Protein chains: 2
Amino acid sequence: MPDRPITSHDVARLAGVSQSAVSRAFTPGASISAALHAKVKEAAARLGYQPNLLPRMMVQGRSGIVAVVIGGAYNPFHAATLEAFSRAIQTAGKRIMLVQAENDRALDEMVGELIGYRIDGVVSALSILSQEAADAISAHRIPVVTLNSGIITDYIHVVEIDNTSAGRAAADLMISRGATRLAYIGADSIASRARQAGFCAAVEDAGLPAALCLPGSLDHDGGLAAGREMLAAAVRPDGIFCVNDLTAIGVIDAFRLEGGLTIPGDAQIVGFDNIPASRWPGYNLTTIDQNVGRMAECAVERLDAASSDGSGQAICVDFTLLERGTTFP
Amino acid sequence: MPDRPITSHDVARLAGVSQSAVSRAFTPGASISAALHAKVKEAAARLGYQPNLLPRMMVQGRSGIVAVVIGGAYNPFHAATLEAFSRAIQTAGKRIMLVQAENDRALDEMVGELIGYRIDGVVSALSILSQEAADAISAHRIPVVTLNSGIITDYIHVVEIDNTSAGRAAADLMISRGATRLAYIGADSIASRARQAGFCAAVEDAGLPAALCLPGSLDHDGGLAAGREMLAAAVRPDGIFCVNDLTAIGVIDAFRLEGGLTIPGDAQIVGFDNIPASRWPGYNLTTIDQNVGRMAECAVERLDAASSDGSGQAICVDFTLLERGTTFP
C-alpha cells in the first residue's frame with residue numbers, strides 16, 4: 001500500500017484499465033460501459049479510493065464550501081449559533097469552512113483570502129459595522145449573509161429578528177407585572193441599540209420615568225459589574241432587561257449574593273438568547289429566543305438564491321418571549 | 001463588472017497582458033520581469049482579484065485544510081475546545097473544515113468523503129471507540145488526531161491528559177479536606193472510565209468504603225438526576241467527583257435547592273473542564289483544567305509530523321487541579 005491517499009492511477013492499475021476509465025466511472029453522466037464501470041467500482045472499493053473533488057470545483061468555479069465566520073466562544077449563544085449554521089449547511093449538502101475573526105475589518109480580508117477556495121458564500125455571525133467595510137466585502141462579489149447587521153448592499157444580506165419589537169416586548173412584560181423603575185444593560189452592537197430603543201420607547205409610552213441605560217460586556221462579569229452599580233444607586237431598578245442571558249445571570253448573582261435581594265420579588269429580570277444556563281433551576285430566567293435554527297436555514301437559503309442575483313436583502317425571523325421565574329412569582 | 005468572482009482572464013484584459021503572465025505573477029519563484037509583475041499586481045489590486053488556490057492544491061495533493069470534527073454544542077467545553085483547535089490551526093497558516101458528527105462510525109464515513117478535498121488531516125474531539133472503526137479510518141491513510149481516545153494505530157494519534165491521575169487527584173484532595181463517603185458521577189466514555197478507575201483506587205488506598213459510582217449524561221440534567229438520587233440514598237456522599245462541570249453544577253443545584261444542603265459544609269464537589277460557569281460566584285467550583293490550548297497545539301504539531309510518518313503516537317498533556325470554594329470552606 002502506498003503511504004499516501006489512493007489515486008485514480010492506483011485504481012486503474014488494480015482494475016487493469018486506463019486512468020481515463022476511472023475518471024469516467026466517477027463522473028455522473030459520463031460515457032462508460034456497464035462492465036467497465038463495475039470493474040472500476042470494485043477496484044475502488046477494495047482500495048478505499050475517493051475521487052478528487054478539486055477538478056470538478058475548478059471546472060464549476062464553485063467548491064460547495066460555505067465559510068462560517070464566528071467571534072469568541074466564551075458565549076454559549078455563539079456555540080448554539082454555530083451548531084445551527086453547521087446543521088443547515090450540512091443538510092444543504094455543503095461543507096463548512098470555519099473562520100474565527102475579531103472584527104469586521106478582519107472579515108473583509110478573510111473574504112478576500114477565501115475566494116481562492118472558490119467558496120459558495122459566507123455566513124457571518126460578526127456584524128458589518130461600517131459602510132467602508134461593507135463596500136470592501138461587497139467588491140469581492142460573493143454572497144455574504146450576516147446576522148443582526150445594519151448594512152445591506154450588493155452581495156450582502158442580513159437575517160435578523162425585529163430587535164426593536166423584542167425590546168418593547170421585554171418592557172411591556174415587566175411593566176404588566178408591576179415594574180416601575182426600568183433599566184437596560186446593553187453592549188456596543190447594532191442589535192443592542194435596537195433593543196434599547198424599543199425598550200426605552202415602551203417605558204416612555206407607559207408614562208414611567210426614563211429607563212436607566214448601563215453598558216455591559218456581553219459576559220457574566222459585565223452583568224456582575226452592572227448589578228453592583230445598580231445596588232449602589234440611589235434609586236434601584238426593579239425591572240431589568242439585559243442584552244444577553246450571560247449578562248442577566250451576572251445581574252442575578254450580584255443582586256442575590258451581594259445585595260441579599262430576591263428575584264423577582266425585589267427586581268424582575270429578562271435576558272436574551274435562551275442559553276442552556278437560563279433553564280437551570282437556580283436561574284429559571286425569562287428570556288427572548290432568537291430562533292437561531294430558523295435564522296440559519298434562512299441564511300443558507302439566501303446563499304443559494306443569491307448566487308443568481310447580487311442585490312442584498314433583509315430577512316426577518318420571528319422571536320419568542322419565554323416567560324419563566326424571573327418575571328412571574 | 002462581471003457578476004462573479006474576478007478571474008485571471010479579467011486581470012489579463014485590464015493589464016493588457018497574457019493570462020499566463022497573470023498566473024506567473026501569482027506563482028512564487030516563477031520567471032517574470034519586474035515591470036510585467038508590477039503591471040499585473042496593479043490590475044489585480046484594482047479588481048480585487050484573488051488567485052484560485054485549487055490548481056496548487058491539485059498539484060501538491062494537499063489543500064492546507066484541516067478537518068475538525070466535533071460533537072454537540074450543548075457543552076461549553078466543546079466550544080472552548082473548538083476555539084482552541086481553530087486558533088492553533090489558523091496560527092499554523094491552515095484553514096479549517098468543520099464537521100459535526102454524532103459517533104465514531106459517522107467519523108469513518110466523513111473521513112472518506114473529506115479525502116476528496118485533499119485535506120491535510122483530521123482533528124477529532126470525537127473518540128474512536130472500536131478497533132473496527134479505527135481500522136476503517138486508518139485505511140484512508142491521512143493523519144487523524146483524536147482527544148482522550150483509546151485506540152492508537154497507523155495514522156491515528158491521540159492527545160490526552162492522564163485521566164487516571166486526574167481521578168486520583170480529585171479523590172486525594174477531598175479526602176485531605178475530610179471527605180469519607182466518596183462518589184463519582186460518570187459518563188459512557190474512555191476518559192470517564194479512566195477518571196473513575198483512578199478515583200476509586202485512591203479511595204481504596206485511603207482505606208475508605210468503596211466509592212459510589214452513578215451514571216451521568218454530561219449535561220446539567222444528568223447532574224440534577226444524580227444529585228436527587230444521592231439525596232434519597234441511605235448514606236449520602238460527602239465528596240463527589242463529576243465527569244464534567246455541567247454535571248457538578250447540576251449536583252450543586254439539586255443539593256442546595258432541593259436538599260437544603262450547603263457546599264462544601266455538607267458535601268464537597270469537584271468538576272472537570274474549567275468552563276466559564278465554574279467561575280461564577282454562585283458556584284465557584286473546584287475543577288480540573290485539561291489545558292485544551294496545549295492539547296490543540298500538540299494535535300496540530302502531530303498532523304505536520306505525521307505527514308511524513310504514519311505510525312500512531314500518544315501525546316500526554318499536563319492537567320491542572322484548580323481548588324476553589326466547593327472543596328475549601
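Chain identifiers are assigned alphabetically (A, B, ...) following the order of the sequence lines, protein sequences preceding nucleic acid strands; residue numbering begins at 1 within each chain. What you see is a predicted model, and the numbers here were worked out from it, not measured in a lab. Note: hydrogens, waters and symmetry copies are ignored here, and every other heavy atom, side chains too, is used.
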For [X], is it the side chain, the backbone, both or neither that has a heavy atom under 4.5 Å from a heavy atom of chain B?
{"X": "A:L98", "result": "both"}
{"X": "A:I89", "result": "neither"}
{"X": "A:I252", "result": "neither"}
{"X": "A:Y283", "result": "side chain"}

Just by distance, no angles: are the side chains of B:T287 and B:D245 close enough, under 3.5 Å, to form a donor-acceptor pair?
yes

Do the side-chain N and O atoms of B:N244 and B:T247 include a donor-acceptor pair separated by under 3.5 angstrom?
yes

Looking only at atom types and distance, does a side-chain atom of A:H220 sit under 3.5 Å from a main-chain N or O of A:L246, one as donor and one as acceptor?
no

N/O donor-acceptor pair under 3.5 Å between B:D273 side chain and B:I275 backbone
no

Answer yes or no: are there more than 12 heavy-atom neighbours, outside B:E258 itself, under 6.0 Å from its atom CD?
yes

Cut-off 4.5 Å, heavy atoms of chain A, and the answer for B:V99 is both

Could you tell me which of A:S86, A:G250, A:A254, A:A277 has the largest number of non-hydrogen atom pairs under 4.5 Å with chain B?
A:S86

